Amino acid sequence: MFGCQCTQHSGTMKMIRLRTPSMKSLNLEMKCTVRLLDDTEISCNIQKETKGQFLIDHICNHYSLMEKDYFGIRFVDPEKQRHWLDPNKPISKQLKSHPPYTMCFRVKFYPHEPLKIKEELTRYLLYLQIKRDIFHGRLLCSFADAAYLGACIVQAEIGDYDPDEHPDNYICDFKIFPKQSQKLERKIVEVHKSELRGQSPAVAEFKLLLKAHSLETYGVDPHPCKDSTGTTTFLGYTAAGFVVFQGNKRIHLIQWPDICKMKFDGKTFHVVMQKEKKTVLTYHTSTPAACKHLWKCGVENQAFYKYAKSSQVKAVTSSNIFFKGSRYRYCGKVAKEVVEASSKIQREPPEVHR
């Protein structure tokens, strides 16, 4: 990093240190690509100290999105562990990979009351997220509900059934579910023809949101774990609280007010409840990084859905021992503040490009 140059003054030799530019001092730009909910991509250049909030704002400005607090940017590290981009930290310090960086724009906090979403644009982006959840098998539902959700998607995409344009097997062109039987496709056709005729894309999308919102796995991002008996279990968070699934069955829903603390140690995650008596649920993740991610998601979801004001949110630690473990404070708006801000939006709604 340093070089030497000799100069001679009055017969004496003096060494002068020449500082060469360090990587830190150079204003290098790094390419960052974000994959959007419709699988298109948007790219921009960031600098070493650019914080996550810049990238979130950049994507929201691209959409002209005002109800942006429901959304976040997700990335996967070289160990295949998923993370949410922290808006308050430099992007380059969060990603362990080398540029160019690739991330995904996704719904982070699912709106508890879709009726209170103000703008069609926000509803459309939530619709795209739920389409993804359905396709990847995260939104579990009955056969009848699956047919209705599928019909809503078909109505939103192609409009009314037209026998001159749509052959008997027209549903085969839509890959809606991970396992899509012919029986389900026939039921989707039936619902599409009979129940949704005349509805615009916006109305069909909104009906899908209302149905999805009523399902147990709405908004659940499943974290695979094992419980104390070694049984495979999936943990997640919703607007109501902490949920536990085994197979397709929900075995626990712990309301946010009943959760005293969430903590982790290595690969072990604990949920401490307080009702009539103190109870601790314990789960084991595959790696310490997965456990920390599970804990941090829990801290953020509890803060977002439980509190009336962001000023009520306190920093939490991952351990009962002072000065040990991780410490984190959610710094964004909470759900009630987001809904209140939405109600005050007064502008000509932006055009939705489907």
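Numbers here are sequence positions counted from 1. Here the structure is a predicted model, which is why all the values come from computation and not from measurement.
- Val220 and Phe109 end up in different hydrophobic clusters when Ile, Leu, Val, Met, Phe, Trp and Tyr side chains are linked at under 4.5 Å.
- A salt bridge links Asp221 with Arg74; the closest basic N to acidic carboxylate O contact falls under 4.0 Å.
- Residue-environment remark: CG (Asp168) stays at or below the threshold of 12 foreign heavy atoms within 6.0 Å.
- Closest approach of Leu36 to Ile59, counting heavy atoms only: CD2-CG2, 3.8 Å.
- One distance of note links NZ of Lys48 with OG1 of Thr50; it measures 12.0 Å at 0.5 Å rounding.
- Looking at Arg354 and Glu120, a side-chain N of the basic residue comes within less than 4.0 Å of a carboxylate O on the acidic one, giving a salt bridge.
- Of the inter-residue distances, the one linking Ile91 atom CD1 with Cys32 atom SG reads 5.5 Å to the nearest 0.5 angstrom.
- Aromatic ring pairs are classed by plane angle as parallel below 30°, tilted from 30° to 60° and perpendicular above 60°; the pair His293 and His223 is tilted.
- Across Pro178 and Phe135, no two heavy atoms sit closer than the pair CD-O, 3.3 Å.
- A pairwise comparison of heavy atoms in Ala212 and Leu139 identifies CB-CD2, 3.9 Å as the closest pair.
- Donor-acceptor pairing under 3.5 Å is recorded for the side chains of Thr229 and Thr231.
- Residues Val203 and Leu126 fall into different hydrophobic clusters, defined by Ile, Leu, Val, Met, Phe, Trp and Tyr side chains chained together at heavy-atom separations under 4.5 Å.
- Under the 4.5 Å side-chain criterion, counting only non-hydrogen atoms from C-beta, Leu125 is not in contact with Val107.
- Between Phe242 and Gln302, the closest side-chain pair of non-hydrogen atoms is not below 4.5 Å.
- Residues Val272 and Leu281 do not share a hydrophobic cluster, defined by chaining ILVMFWY side chains whose heavy atoms lie under 4.5 Å apart.
- In this structure, the side chains of Leu55 and Tyr101 stay at 4.5 Å or more apart for every pair of heavy atoms.
- Paired with Glu216 under the rule salt bridge (Lys or Arg N to Asp or Glu O under 4.0 Å), one option of Arg250, Lys249, Arg138 passes, and it is Arg250.
- Side-chain N or O atoms of Lys118 include one that pairs as donor or acceptor with a backbone N or O of Ile345 at under 3.5 Å.
- Here the closest non-hydrogen pair linking Cys225 and Leu294 is SG-CD2, 4.1 Å.
- Classification of Glu340 and Lys344 as a salt-bridged pair holds, one side-chain N sitting under 4.0 Å from a carboxylate O.
- Within the 4.5 Å cutoff, the side chain of Gln312 has no heavy atoms near those of the Val334 side chain.
- Connection of Tyr110 to Val243 is not established within any shared hydrophobic cluster, with ILVMFWY side chains joined at heavy-atom distances below 4.5 Å, either directly or through further cluster members.
- To the nearest 0.5 Å, atom NZ of residue Lys207 and atom CD1 of residue Ile153 are 15.0 Å apart.
- Side-chain contact between Lys309 and Glu337 is present, with at least one heavy-atom pair separated by less than 4.5 Å.
- Here the OG1 atom belonging to Thr40 is positioned 8.0 Å from the CD1 atom belonging to Ile42, to the nearest 0.5 angstrom.
- Side-chain contact between Phe105 and Tyr63 is present, with at least one heavy-atom pair separated by less than 4.5 Å.
- Judged by distance alone, with hydrogens and angles left aside, the side-chain atoms of Thr33 form no donor-acceptor pair with the main-chain N or O of Lys31 at under 3.5 Å.
- Looking at Glu157 and Lys131, a side-chain N of the basic residue comes within less than 4.0 Å of a carboxylate O on the acidic one, giving a salt bridge.
- For the pair Gln94 (side chain) and Lys89 (backbone), a donor-acceptor distance under 3.5 Å is present.
- Counting only distance, with no hydrogens or angles, the side chain of Trp295 and the backbone of Met262 share a donor-acceptor pair below 3.5 Å.
- Tyr330 places a side-chain N or O within 3.5 Å of a backbone atom of Lys333 that can act as its donor or acceptor partner.
- Of the possible polar contacts, none joining the His213 side chain to the Leu208 backbone as a donor-acceptor pair under 3.5 Å is found.
- A side chain to side chain donor-acceptor pair (under 3.5 Å) with His192 is found for one member of Tyr161, Tyr148, Tyr170 and no other, namely Tyr170.
- Considering every non-hydrogen atom in both Ser43 and His58, the closest pair reads O-NE2, 4.3 Å.
- Judged purely by distance below 3.5 Å, without hydrogens or angles, the side chains of Glu79 and Thr287 never pair a donor atom with an acceptor atom.
- Between Asp86 and Lys93 there is no salt bridge, since no side-chain N of the basic residue sits under 4.0 Å from a carboxylate O of the acidic one.
- Note that OH of Tyr328 and CD of Glu300 are 3.5 Å apart. Values are rounded to the nearest 0.5 Å.
- Using a 4.5 Å heavy-atom threshold, the side chains of Tyr70 and Gln129 count as separate.
- For the pair Lys183 and Phe143, the cation-pi test (distance below 6.0 Å, angle within 45°) is passed.
- For the pair Asp39 and Arg35, the minimum side-chain heavy-atom distance is below 4.5 Å.
- Here the side chain of Gln155 pairs no donor or acceptor atom with the backbone of Cys152 at under 3.5 angstrom.
- Side-chain atoms of Glu119 never come within 3.5 Å of backbone atoms of Glu67 as a donor-acceptor pair (strictly under, hydrogens ignored).
- Nearest heavy atoms, Asp227 versus His284: O-CD2, 4.0 Å.
- Criterion: ILVMFWY side-chain heavy atoms under 4.5 Å apart, direct or through other members. Under it, Val76 and Ile56 are not part of a common hydrophobic cluster.
- For Asn248, the CG atom counts as loosely surrounded, since its 6.0 Å shell holds 12 or fewer non-hydrogen atoms of other residues, nucleotides or ligands.
- Side-chain N or O atoms of Thr217 include one that pairs as donor or acceptor with a backbone N or O of Leu140 at under 3.5 Å.
- Judged by distance alone, the side chain of Asn61 and the main-chain N or O of Ser64 form no donor-acceptor pair under 3.5 Å.
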For Leu85 and Phe75, what are the C-alpha separation, side-chain angles and deciding distance, and is it a side-chain contact (heavy atoms from CB on, under 4.5 Å)? CA-CA 7 Å; Leu85 190 69; Phe75 65 93; 4.0 Å; yes
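- The OG1 atom of Thr285 lies 13.0 Å from the NZ atom of Lys292; values are rounded to the nearest 0.5 Å.
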